[in-house]
Amino acid sequence: MIKIYNTLSRSKETLKPLKGNRVKLFVCGPTVYDNSHIGHARTYISFDVIARYLKYHGYSVFYLQNITDIDDKIIKRAKNTGTDPLNLAREFEAEYLKDMKALGVENVNLYARATEHIKEIIAQIETLLDKGFVYETESGVYFDISKCPDFGKLSNRKIHDLNVHRITPNTDKRNPEDFALWKKKDEEPFWDSPWGLGRPGWHIEDTAITEEYFGSQYDIHGGGLDLIFPHHEAEIAQMESSSGLKPMVRYWMHTGFLNVKGEKMSKSLGNFITIKELLKEYPAEVFRFFVLSTHYRSPIDFSQEILKQSQNSLKRIYKFYETINELLNEDIPKNGENDSLYGELLEDARSKFLEAMDNDFNTPDALSILFDFVRETNRMLKEKEISEESLNNIMSFLKEVEKILGFNFTARSKKSHEHLEGELIDILIDVRAKLRERKNWELSDEIRSRLRDLDINLEDK
RNA sequence: GCCAAGGUAGCUUAGCGGCGAAGCGGUGGACUGCAGAUCCAUUACACGGGAGUUCAAAUCUCUCCCUUGGCUCCA
């Protein structure tokens with residue numbers, strides 16, 4: 001039984017999908033006007049593991065993500081760089097997908113672009129107009145928040161609390177809190193609509209897209225903590241008003257921020273590190289470990305030092321994998337008298353590991369159980385002979401773990417043996433040079449002749 | 001002002017009513033020709049301050065302090 005912390009109820013609830021074992025998961029995707037930073041990566045890695053675990057648990061997951069490819073920021077950036085907004089969006093969408101691939105985020109079934117769902121967006125706005133929840137002005141179409149008494153239920157806000165504004169509200173709205181569904185624009189990029197040329201507001205694309213692929217009600221909606229208000233609040237207002245069905249989403253999940261020196265990492269603060277920059281210095285799995293060593297809802301503070309710690313911690317698990325792997329290549333008995341001892345240890349670890357994951361995807365807890373298992377097994381290996389069967393069982397558990405958490409122990413072992421040839425030869429050459437300095441001709445000649453056997457010819461000047 | 005998240009050993013974090021947690025780091029030891037890995041031990045008076053509830057509180061209540069975020073675009 002999986003428990004999920006639901007932002008809406010502020011408590012953990014047992015996951016019960018709307019239909020059988022099918023889970024419809026939607027996570028807000030990026031606005032593609034620039035390279036993504038590691039704060040975004042934190043969120044997408046978190047949901048990657050969530051999707052992985054749901055699948056492991058036997059759910060059939062439809063993981064949908066939108067791509068915001070039309071937006072003021074995109075247009076502004078395009079203007080500044082003298083490019084076409086939609087081309088710019090395509091370019092950074094490709095970069096985003098590359099970044100995700102590099103991070104091992106690979107469980108999204110469908111990416112849906114806002115600009116390819118203009119028809120659905122318009123249809124939804126029309127429904128809302130017919131039902132009287134929205135109104136048209138000279139500048140666009142707006143949602144009338146006063147028609148939606150439970151607006152604010154996700155962020156625990158009352159409409160009358162929303163009277164502090166740091167920017168001057170657009171004056172042709174009825175209430176300052178009303179938000180745009182359609183912005184009338186006579187400048188490209190624009191689309192034709194019943195209200196003239198223009199482009200969609202930010203919130204409407206998500207509900208139009210989810211309605212198209214999921215229907216008006218679905219299981220899980222995720223995103224960063226910063227989207228709760230106003231974005232997700234607006235989504236609820238749009239979808240529940242348009243369909244008349246509540247709730248639009250059964251479980252709202254929000255990831256905590258990634259901070260740097262206690263401050264939120266964000267584009268506007270300029271304190272961000274892009275995913276590409278990060279991956280130049282550290283392997284993706286180190287960052288993944290760093291993300292998973294904190295619960296997805298907690299804030300996480302980024303620094304080089306902590307990443308170094310993560311790297312060391314992860315090494316411990318990798319070493320353990322290698323130990324098991326090496327033992328498997330040795331000549332050992334198929335079965336042994338200690339099988340039940342090893343089996344007990346393993347089953348205990350496995351059930352606790354899964355229990356931790358069941359509990360709102362508590363990856364730090366799960367990792368700590370894994371470390372316990374590593375230590376205890378290492379200890380037992382020193383004293384009790386292990387059999388092939390026990391080793392195989394441990395190995396299959398490690399494979400489960402790597403699949404759930406998205407690590408790749410095997411590839412890592414391989415990687416360390418690739419592209420190594422040249423460097424190994426350099427070492428031999430260096431050592432041989434030192435031997436020759438000491439006039440140890442016998443050993444240096446042996447190195448040369450054995451390399452020649454491998455078709456590698458060294459010629460001394 | 002209003003909402004939200006957080007303050008747990010040197011560091012990063014689990015735990016969220018009752019057996020003094022995990023990893024990293026430090027120190028000592030075992031094993032090694034040496035190193036590494038591994039194991040053992042140890043280091044850590046652990047729970048922001050104060051009051052209360054309870055047989056029992058890091059865990060519940062109240063209050064105060066500190067940090068961060070949202071109320072504007074934001075994963």
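Letters A, B, ... are given to chains in the order of the sequence lines, protein chains preceding strands, and every chain is numbered from 1.
- Residue A/Asp360 is tested with A/Lys3, A/Arg297, A/Lys12 for a salt bridge (Lys or Arg N to Asp or Glu O under 4.0 Å); the sole match is A/Arg297.
- Under the 3.5 Å distance criterion, with hydrogens and angles disregarded, a donor-acceptor pair is assigned to the side chains of A/Gln124 and A/Glu211.
- With both ends at atom C1', the span from B/rA46 to B/rA9 equals 5 Å, rounded to whole Å.
- Across all strands, A/Thr323 comes closer than 4.0 Å to no nucleic acid atom at all (heavy-atom distances).
- With a cut-off of 3.5 Å on both Watson-Crick or G-U wobble distances, the partner of B/rU12 is given as B/rA22.
- Using atom C1' as the reference point in both B/rA30 and B/rG17, the two lie 41 Å apart (nearest Å).
- Phosphate contact (OP1/OP2 of B/rA14, side-chain N/O of A/Ser298, threshold under 4.0 Å): present.
- The base of B/rU38 is paired with the side chain of A/Lys382 by a donor and an acceptor separated by under 3.5 Å.
- When the C1' atom is compared between B/rG18 and B/rA57, the two are found 9 Å apart, to the nearest whole Å.
- B/rG28 and B/rG48 have their P atoms separated by 32 Å, with the value rounded to a whole Å.
- With salt bridges taken as basic N to acidic carboxylate O contacts below 4.0 Å, one links A/Glu240 and A/Lys153.
- Using a 4.0 Å heavy-atom cutoff across all strands shown, A/Asn362 reaches sugar-phosphate atoms only and no base atom.
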Handout entry: Trace of the side-chain contact (heavy atoms from CB on, under 4.5 Å) decision for A/Leu154 with A/Phe229
Key = CA-CA 8 Å; A/Leu154 186 66; A/Phe229 188 92; over 6 Å; no
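- Comparing the P positions of B/rC2 and B/rU63 gives a spacing of 13 Å, expressed to the nearest Å.
- When the P atom is compared between B/rG23 and B/rG69, the two are found 33 Å apart, to the nearest whole Å.
- Within 4.0 Å of A/Asp301, counting heavy atoms only, lie sugar-phosphate atoms of the nucleic acid but no base atom.
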Pull out every protein N or O sitting under 3.5 Å from an N or O of nucleotides 31-35 of chain B, one pair per line with the distance.
none

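- Under 3.5 Å, the side chains of A/Asp99 and A/Tyr44 contain no donor-acceptor pair of N or O atoms.
- Side chain to side chain, A/Tyr282 and A/Gln311 fail the donor-acceptor criterion of an N or O pair below 3.5 Å.
- Remark: A/Arg157 does not engage A/Glu233 in a salt bridge, criterion side-chain N to carboxylate O under 4.0 Å.
- Among all heavy-atom pairs drawn from A/Ser310 and A/Val286, the shortest one is CB-O, 4.0 Å.
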For nucleotides 26-29 of chain B, list the nitrogen or oxygen atoms of the protein found under 3.5 Å from its nitrogen or oxygen atoms, one pair per line.
none

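- Look at B/rA41: its Watson-Crick or wobble partner, with both distances under 3.5 angstrom, is B/rU27.
- Checked against a 6.0 Å centroid threshold, the rings of A/His40 and A/Phe272 do not count as neighbours.
- The six-membered or imidazole ring of A/Phe287 lies near that of A/Phe290, with a centre-to-centre distance under 6.0 Å.
- Across all strands shown, A/Gly222 has no heavy atoms under 4.0 Å from either base or sugar-phosphate atoms.
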Protein-nucleic acid N or O pairs under 3.5 Å, nucleotides 19-25 of chain B:
| from | atom 1 | to | atom 2 | distance (Å) |
| --- | --- | --- | --- | --- |
| B/rA22 | O4' | A/Ser368 | OG | 3.4 |
| B/rG23 | OP1 | A/Arg375 | NH1 | 3.2 |
| B/rG23 | O2' | A/Ser313 | OG | 2.3 |
| B/rG23 | N2 | A/Gln309 | OE1 | 2.9 |

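- No close placement of the A/Phe26 and A/Tyr213 rings is indicated, their centers lying 6.0 Å or farther apart.
- Within the 4.0 Å cut-off from OP1 or OP2 of B/rC40, at least one side-chain nitrogen or oxygen of A/Arg379 is found.
- Under the Watson-Crick and G-U wobble criteria, each requiring two contacts below 3.5 Å, nucleotide B/rC71 is paired to B/rG1.
- A/Asp206 and A/His231 share a donor-acceptor pair across their side chains, judged by distance under 3.5 Å alone.
- Between A/Asp48 and A/Arg52, at least one side-chain N (NZ, or NE/NH1/NH2) sits under 4.0 Å from a carboxylate O, which counts as a salt bridge.
- Nucleotides B/rG26 and B/rA21, compared at atom P, are 23 Å apart to the nearest Å.
- With P as the reference atom, B/rU13 and B/rG6 are 13 Å apart, rounded to whole Å.
- For A/Asn378, the side-chain atoms get nearest to B/rU38 when compared with the rest of B/rU68, B/rC73, B/rU38.
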